[in-house]
Amino acid sequence: MQSLARIVVACTAAVVASPRDAIAEEHGHPAPPVREMAEQGGLEQALAREVRIEDVLEIAARGNPEIREAQERVLGASARAAAAGRLPDLEAKYEQWGVPLARPYALNEAGTIMVGLRQTIPAPGVLGARSRAAGGDAGMLAEVQRARQQDIRVRVKRVFYDYYRSYHEYRIHLEHVSLESHIVELARQNYQVGRATQQDVLRAVVDLSRLHNDVADIVQQVESSKAQLNTLMGRPTSAALGPPSDITPALVQVDAAQMERLVQEKRPEVASAKLGIERSQAALDAARTESLVPNIMIGADYWYQPTSAVHHAYAAMVSINLPWLNGRHRDEVREAEHALAADVRAFESARNAALYEVRDASARLAAAQQSFRIINGDLLPQARQSFEAAQAAFAAGQGDALGLLDSARSYLQVRLEHVRALTRLSSSFGDLERAAGADLAQAVPAAEEKHQ
C-alpha cells in the first residue's frame, strides 16, 4: 500500500509540486499562438504562472466570441439607426412621347423626350421618429451586449471558483493520502507490538484506497475546469494555466434597498425594457403622423421636342398622397399602440423579475456568509483539534484505528466543506452583482470584513 501511495503522489507531483508550478505543467501541450501572445501581452504569460480572476476577466472581455458578436450587432444597429433618418432614394426618370409606331427608333420624330428627377419627402417628423425608433433598437442591443458581458463575467467567475475548488480539493486529498499512509504505518507498528488488530490495519488500507480513487476523479475536474476557463477567454483549451490565486471571502453587508435602486438604474434587462418603450413610442408617433400628414413628391424634367418649334423646355411637379383615404394607416396606428402597451408590460415584468432575483441573490449570499463563518470559525478548528488528538492517542497505543480514521475522515470532510463554502460564497457574490447589474465593489461603498 505504501508503494501505491508513492505511485499516486509521483503521478500527480506535477500538479502540486509548488504554489507556482502546480497545475501549470501542460505535459506536452503546445504554447498559445504567437499572435495571441502578442495581442494579450503579459497577461497570457502571467496565466501560465498563476491564474488571477482579474486577469481572466480582462482577457475574456477582449477575446470572448459571444461578447464580440454582441458588439458587432450593436454597431450594425447604430448604422441602421442613422440610415432610418435619411430621405428615400432620389429617382431618375426617362420618358418619350409621340414616337411613330412604324419607326420606333426614330427618336428625332418623337413629340417629346423627357429626362427628370423625383424626390419623395416624408411628412414632417416622420424621419426623426423613425430614427428614434431605430436608435431605440440600437440602444436595446447595447443593453443586450452589456447583459452578455455580465453573463460572461458570471460564467468566468463560476468556472474560476470551480477551478479553485477542484485544485484545492486535489491538494487536500494528497495531503490526506500522506496522513493516512502514516496512519497505515502506525497501525502496522501497533499491530506488530500487539496494541492493534489486523482489522485496524485493513480499515486504514481501505480508507487509503478510497482516497486514491477520489484523487483520480478530482484530477478530471481540474482539467475540465481549465479547459472551460480557456474556452471562455477565447483561448485554445490546452493553453497553459497556472494554479489559481487566493480568494478573499466576500463578507459584505448588503443593503436591500440599495440593491433595488441599483436594479432600477443598472440592470441591463430593465434598461433595455425602458428603451423598448421609447422605441415603440417613436414608432407610434411615426405611424400617427403618416396617417394624417401626406408625403410630398417634387420633381423636375427636361423636355426635348424635336418636332416642335420650341425644342427645349422644362416641367416641374408636386404631388401628395392621401393617407386619410387608406385604412392601412389606421391599422398601422393600432398595431403601434398595442406594441407600446406590450412594451410597457414587458418593462414591468423585467423590473419585477430583476427585483426578485436581487432579493433571492441577497438571501443566498447571506446564507453562504453564515455557512462560511461557521465552518471557518468553529468546525475547521474543532475538526483539526479532534484529528490531532486522536492521532496522538493512537500513536501512544491508546484508542483504536476506527476512531482515528473517523476523525481523519471528518477532518478531510470539513476541509473540503471549507473550500466549497469559500467558493460558494464567492459565486453567490457574483450572482448578486449580476442580479443588480453592477460591480458591487464600485457601486456599493460598504465596509468589507476581511477574513483569511
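Salt bridge Asp55/Arg52: present, at least one basic N to carboxylate O contact under 4.0 Å. A salt bridge links Arg267 to Glu357: one of the charged nitrogens lies within less than 4.0 Å of a carboxylate oxygen. The pair Glu72-Arg68 fails the salt-bridge criterion, with no side-chain N (NZ, NE, NH1 or NH2) lying under 4.0 Å from an Asp/Glu carboxylate O. Classification of Lys274 and Glu143 as a salt-bridged pair fails, no side-chain N sitting under 4.0 Å from a carboxylate O. Salt bridge Asp431/Arg158: present, at least one basic N to carboxylate O contact under 4.0 Å. Between Glu169 and Arg420 a salt bridge is recorded (basic side-chain N to carboxylate O distance below 4.0 Å). In summary, Asp137 and Arg80 do not engage in a salt bridge, as defined by a charged side-chain N under 4.0 Å from a carboxylate O. Ionic pairing of Arg261 and Glu265 is not present here: no N-O contact between side-chain nitrogen and carboxylate oxygen is shorter than 4.0 angstrom.
With contacts defined as side-chain heavy-atom distances shorter than 4.5 Å, the pair Arg330/Ser291 does not qualify. Side-chain contact between Ser427 and Lys157: absent, with no pair of heavy atoms (C-beta onward) separated by less than 4.5 Å. Proximity of Ile218 to His173: side-chain heavy atoms (C-beta onward) are separated by under 4.5 Å at one or more points. You'll find the side chain of Asp439 reaches within 4.5 Å of the side chain of Glu433, heavy atoms only. Using a 4.5 Å heavy-atom cutoff, the side chains of Trp324 and Leu322 are in contact. Side-chain contact between Pro249 and Leu422 is present, with heavy atoms from C-beta onward closer than 4.5 Å. Proximity of Gln281 to Asp343: side-chain heavy atoms (C-beta onward) are nowhere separated by under 4.5 Å. Considering only heavy atoms from C-beta on, Ser371 comes within 4.5 Å of Ile375 through its side chain.
Minimum interatomic distance between Leu117 and Asp301 (heavy atoms only, all atoms of both residues): N-OD1, 4.1 Å. Closest heavy-atom contact between Gln369 and Val252: NE2-O, 3.0 Å. A pairwise comparison of heavy atoms in Gly276 and Met140 identifies CA-SD, 3.5 Å as the closest pair. Heavy-atom minimum distance, Ser280 versus Ala339: OG-O, 3.8 Å. Summarising the geometry of Ala361 relative to Ala435, their closest heavy-atom pair is CB-CB, 4.1 Å, with the distance given to 0.1 Å. A pairwise comparison of heavy atoms in Ala60 and Val156 identifies CB-CG2, 3.9 Å as the closest pair.
Between the side chain of Ser386 and the backbone N or O of Gln382, no donor-acceptor pair lies under 3.5 Å. Under the 3.5 Å distance criterion, the side-chain polar atoms of Ser225 are matched with a main-chain donor or acceptor of Gln221. Within the 3.5 Å criterion, the main-chain N or O of Glu348 finds a donor-acceptor partner in the side chain of Asn352.
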Q: May I have the step-by-step check of salt bridge (Lys or Arg N to Asp or Glu O under 4.0 Å) for Arg148 and Glu69, ending in yes or no?
A: CA-CA 10 Å; Arg148 183 76 58 83; Glu69 174 205 349; 3.6 Å; yes
Q: Please step through side chain to side chain contact (heavy atoms under 4.5 Å, CB included) for the pair Ser362 and Leu432, ending with a clear verdict.
A: CA-CA 6 Å; Ser362 298; Leu432 180 59; 3.4 Å; yes
Q: Let me see the working for Met317 and Ile298 under side chain to side chain contact (heavy atoms under 4.5 Å, CB included), right down to the final yes or no.
A: CA-CA 6 Å; Met317 59 84 62; Ile298 59 175; 5.6 Å; no
Q | From CA spacing to verdict: side chain to side chain contact (heavy atoms under 4.5 Å, CB included), Leu57, Arg153 | A | CA-CA 6 Å; Leu57 289 172; Arg153 284 180 63 88; 3.7 Å; yes
**Q.** Asn295/Ile320 under side chain to side chain contact (heavy atoms under 4.5 Å, CB included): CA gap, chis, key distance, verdict
**A.** CA-CA 6 Å; Asn295 298 330; Ile320 62 172; over 6 Å; no
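Listed by chain and residue number, nothing satisfies the salt bridge (Lys or Arg N to Asp or Glu O under 4.0 Å) test with Glu91 (two or more places apart in sequence, or in another chain). Partners of Arg86 according to the salt bridge (Lys or Arg N to Asp or Glu O under 4.0 Å) rule, which considers only residues two or more places apart in sequence or in another chain, do not exist here. Shown here are the salt bridge (Lys or Arg N to Asp or Glu O under 4.0 Å) partners of Glu335, two or more places apart in sequence or in another chain: there are none. Partners of Tyr164 according to the ring pair (Phe, Tyr, Trp, His ring centres under 6.0 Å) rule, which considers only residues two or more places apart in sequence or in another chain, are His168. Shown here are the salt bridge (Lys or Arg N to Asp or Glu O under 4.0 Å) partners of Arg359, two or more places apart in sequence or in another chain: Glu260. In terms of the ring pair (Phe, Tyr, Trp, His ring centres under 6.0 Å) criterion, residue partners of Tyr411 (sequence neighbours excluded) are, by chain and number, His176, Phe387. Every residue meeting the side chain to side chain contact (heavy atoms under 4.5 Å, CB included) condition with Val115, not counting sequence neighbours, appears here in chain and number order: Tyr94. Residues satisfying the side chain to side chain contact (heavy atoms under 4.5 Å, CB included) test with Pro88, not counting sequence neighbours, are Gln119, Thr120, Pro122. Residues that satisfy the side chain to side chain contact (heavy atoms under 4.5 Å, CB included) test with Tyr356, not counting sequence neighbours, are Asp360. Applying the side chain to side chain contact (heavy atoms under 4.5 Å, CB included) rule to Glu337 yields the partners Leu284, Arg288, Val333, Arg334; only residues at least two apart in sequence or on another chain are considered. The ring pair (Phe, Tyr, Trp, His ring centres under 6.0 Å) check on Trp97 picks up Trp303, with sequence neighbours excluded.
To the nearest 0.5 angstrom, Asp162 atom CG is 7.5 Å from Gln228 atom CD. Considering CD1 of Ile59 and CG of Asn64, their distance stands at 12.0 Å, rounded to 0.5 Å. For the atom pair OH of Tyr163 and CD1 of Ile53, the computed distance is 12.0 Å after rounding to the nearest 0.5 Å. A distance of 10.5 Å separates CZ of Arg235 from NZ of Lys226, quoted to the nearest 0.5 Å. Rounding to the nearest 0.5 angstrom, the gap separating the CD1 atom in Ile374 from the CD atom in Glu417 is 11.5 Å. Summarising the geometry, atom CG belonging to Leu241 is positioned 10.5 Å from atom CZ belonging to Phe160; distances are rounded to the nearest 0.5 Å.
Side-chain N/O atoms of Arg165 and Tyr161 include no donor and acceptor closer than 3.5 Å. Under the 3.5 Å distance criterion, with hydrogens and angles disregarded, a donor-acceptor pair is assigned to the side chains of Gln220 and Ser224.
Counting heavy-atom neighbours within 6.0 Å of Gln385 CD, excluding the residue itself, gives a total of 12 or less.
Identified under the salt bridge (Lys or Arg N to Asp or Glu O under 4.0 Å) test for residues 127-136, with sequence neighbours left out: Arg130-Glu290, Arg132-Asp285.
Paired with Val254 under the rule side-chain contact (heavy atoms from CB on, under 4.5 Å), one option of Leu440, Val358, Leu365 passes, and it is Leu365.
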